[in-house]
**Student:** 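Below is one structure. I have some questions about it.
Only this structure's heavy atoms are used, side chains among them; waters, hydrogens and symmetry mates stay out.
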Amino acid sequence: QNYTWHSKPDAALWPFIADYLPLLAENLPPHELSSTQNLRALRMIARLPAVPQMLVPSLINACTAEARSVRSAAQALLMGAPGVTPQIVAALDDSRQAIRANAAAFLGQRGDDSVLPDVIAALGKEKADLARASMISAIAALGGDTSKWLGKAALEKEAAANAKKLKGDKTDWLAMD
């Protein structure tokens with residue numbers, strides 16, 4: 001009978017997979033940006049009895065990746081992993097807004113409310129709408145108060161500031177009083 005590695009039991013595969021951890025790390029972001037390669041590596045890592053510590057930095061990068069399928073698979077591997085929270089929090093300061101947004105979303109999903117001050121601090125510096133929205137959602141998911149950003153007064157202030165930026169008669173129809 002012809003078997004592929006997919007049909008083998010995990011207990012038979014993981015010693016073989018463990019011999020190739022550096023190769024798996026090379027097939028994850030930021031080294032490899034192909035979603036297909038990333039997902040192959042993530043499927044093999046999922047067969048291991050535990051996440052090897054040497055793969056955590058690469059998995060953190062995959063957890064905040066722009067490709068949703070890669071991000072979801074990596075997040076499943078690290079959802080309950082201990083000791084990775086500081087590395088995810090550090091991604092809130094990444095130069096790319098999508099990474100910051102994905103890091104905030106993952107922190108919210110993990111449910112560790114000890115990161116609430118970090119997310120709030122990151123939101124205070126954030127300018128990009130996508131990342132701001134993810135951070136506000138994370139604050140809500142972690143049980144924080146979002147009225148500072150989503151309350152009536154905050155929304156009215158933001159709307160007025162944005163309306164002032166519009167040129168010409170684009171807001172004449174809107175009563176701003």
Side-chain angles (χ1 to χ4, degrees), residues 17-18 21-151 153-155 157-158 161-162:
I17 295 170
L21 295 181
L23 182 62
L24 291 174
E26 288 176 19
N27 281 281
L28 292 173
H31 309 291
E32 176 60 56
L33 299 180
S34 162
S35 295
T36 303
Q37 291 297 100
N38 296 162
L39 289 170
R40 284 182 186 148
L42 290 167
R43 280 194 297 271
M44 296 199 67
I45 295 166
R47 308 285 302 260
L48 297 170
V51 174
Q53 205 54 36
M54 75 165 293
L55 294 179
V56 169
S58 296
L59 288 170
I60 296 291
N61 283 324
C63 281
T64 59
E66 293 187 43
R68 184 181 308 170
S69 57
V70 172
R71 189 171 62 243
S72 296
Q75 288 175 355
L77 289 170
L78 292 182
M79 185 55 80
V84 299
T85 302
Q87 293 165 298
I88 302 167
V89 168
L92 293 173
D93 290 326
D94 194 275
S95 63
R96 297 161 292 178
Q97 76 164 323
I99 302 302
R100 296 189 306 272
N102 294 336
F106 188 38
L107 288 167
Q109 291 166 9
R110 285 176 53 93
D112 178 0
D113 64 359
S114 71
V115 302
L116 206 46
D118 298 304
V119 178
I120 291 170
L123 178 57
K125 301 180 288 187
E126 187 59 58
K127 302 283 187 243
D129 289 339
L130 173 67
R132 286 181 58 78
S134 284
M135 290 174 188
I136 292 169
S137 293
I139 291 167
L142 296 169
D145 181 13
T146 59
S147 62
K148 179 178 178 181
W149 304 280
L150 297 178
L155 294 175
K157 181 180 173 185
E158 184 178 352
N162 286 333

**Student:** Which atom names give the shortest non-hydrogen contact between R71 and N102, and what distance separates them?
**Tutor:** NH1-ND2, 3.3 Å
**Student:** Checking S137 now: which residues fulfil side-chain hydrogen bond (donor to acceptor under 3.5 Å, both in side chains) with it, not counting sequence neighbours?
**Tutor:** none
**Student:** Can you check whether L28 reaches I45 side chain to side chain, under 4.5 Å on heavy atoms?
**Tutor:** yes
**Student:** Determine, step by step, whether L21 and L48 satisfy the side-chain contact (heavy atoms from CB on, under 4.5 Å) criterion, reporting the C-alpha distance in whole Å, the side-chain angles of both residues, the deciding distance to 0.1 Å, and the verdict.
**Tutor:** CA-CA 11 Å; L21 295 181; L48 297 170; 4.0 Å; yes
**Student:** Could you tell me which non-hydrogen atom of L42 sits nearest to which non-hydrogen atom of A73, and how far apart they are?
**Tutor:** CD1-CB, 3.8 Å
**Student:** Looking only at heavy atoms, which two atoms of I136 and W149 are closest? And how far apart?
**Tutor:** CD1-CB, 3.6 Å
**Student:** Please list, chain by chain and in numerical order, all residues satisfying side-chain hydrogen bond (donor to acceptor under 3.5 Å, both in side chains) with S95, sequence neighbours excluded.
**Tutor:** none
**Student:** Under the side-chain contact (heavy atoms from CB on, under 4.5 Å) criterion, do L107 and V119 qualify, and how do the steps go?
**Tutor:** CA-CA 9 Å; L107 288 167; V119 178; 4.1 Å; yes
**Student:** In the structure I gave you, are the side-chain heavy atoms of M135 and L92 within less than 4.5 Å of one another anywhere?
**Tutor:** yes
**Student:** For the residue pair A154 and L150, what are the closest heavy atoms and their distance?
**Tutor:** CB-N, 4.4 Å
**Student:** Within a strict 4.5 Å, meaning less than it, do heavy atoms of the M54 and P22 side chains meet?
**Tutor:** yes
**Student:** Name all residues meeting the side-chain hydrogen bond (donor to acceptor under 3.5 Å, both in side chains) criterion together with Q75; count only those two or more places apart in sequence or in a different chain, and write none if there are none.
**Tutor:** none
**Student:** Apply side-chain contact (heavy atoms from CB on, under 4.5 Å) to residues D93 and K125 and explain how you reach the verdict.
**Tutor:** CA-CA 9 Å; D93 290 326; K125 301 180 288 187; 3.2 Å; yes
**Student:** Checking the side chain of N27 only, and the main-chain atoms of Q37 only, is there a donor and an acceptor separated by less than 3.5 Å?
**Tutor:** no
**Student:** Where the side chain of R110 meets the backbone of A81, is there a donor-acceptor pair that is under 3.5 Å apart?
**Tutor:** yes
**Student:** Would you call V70 and L39 a side-chain contact if the rule is heavy atoms closer than 4.5 Å?
**Tutor:** yes
**Student:** Provide the closest heavy-atom pair for L130 versus Q97 in the form atom of the first, atom of the second, distance.
**Tutor:** CB-OE1, 3.5 Å
**Student:** Looking at V84 and V56, what are the two nearest heavy atoms and their distance?
**Tutor:** CG1-CG1, 3.6 Å
**Student:** Any donor and acceptor pair, going by atom type alone, linking the side chain of R132 with main-chain N or O of K127 inside 3.5 Å?
**Tutor:** no
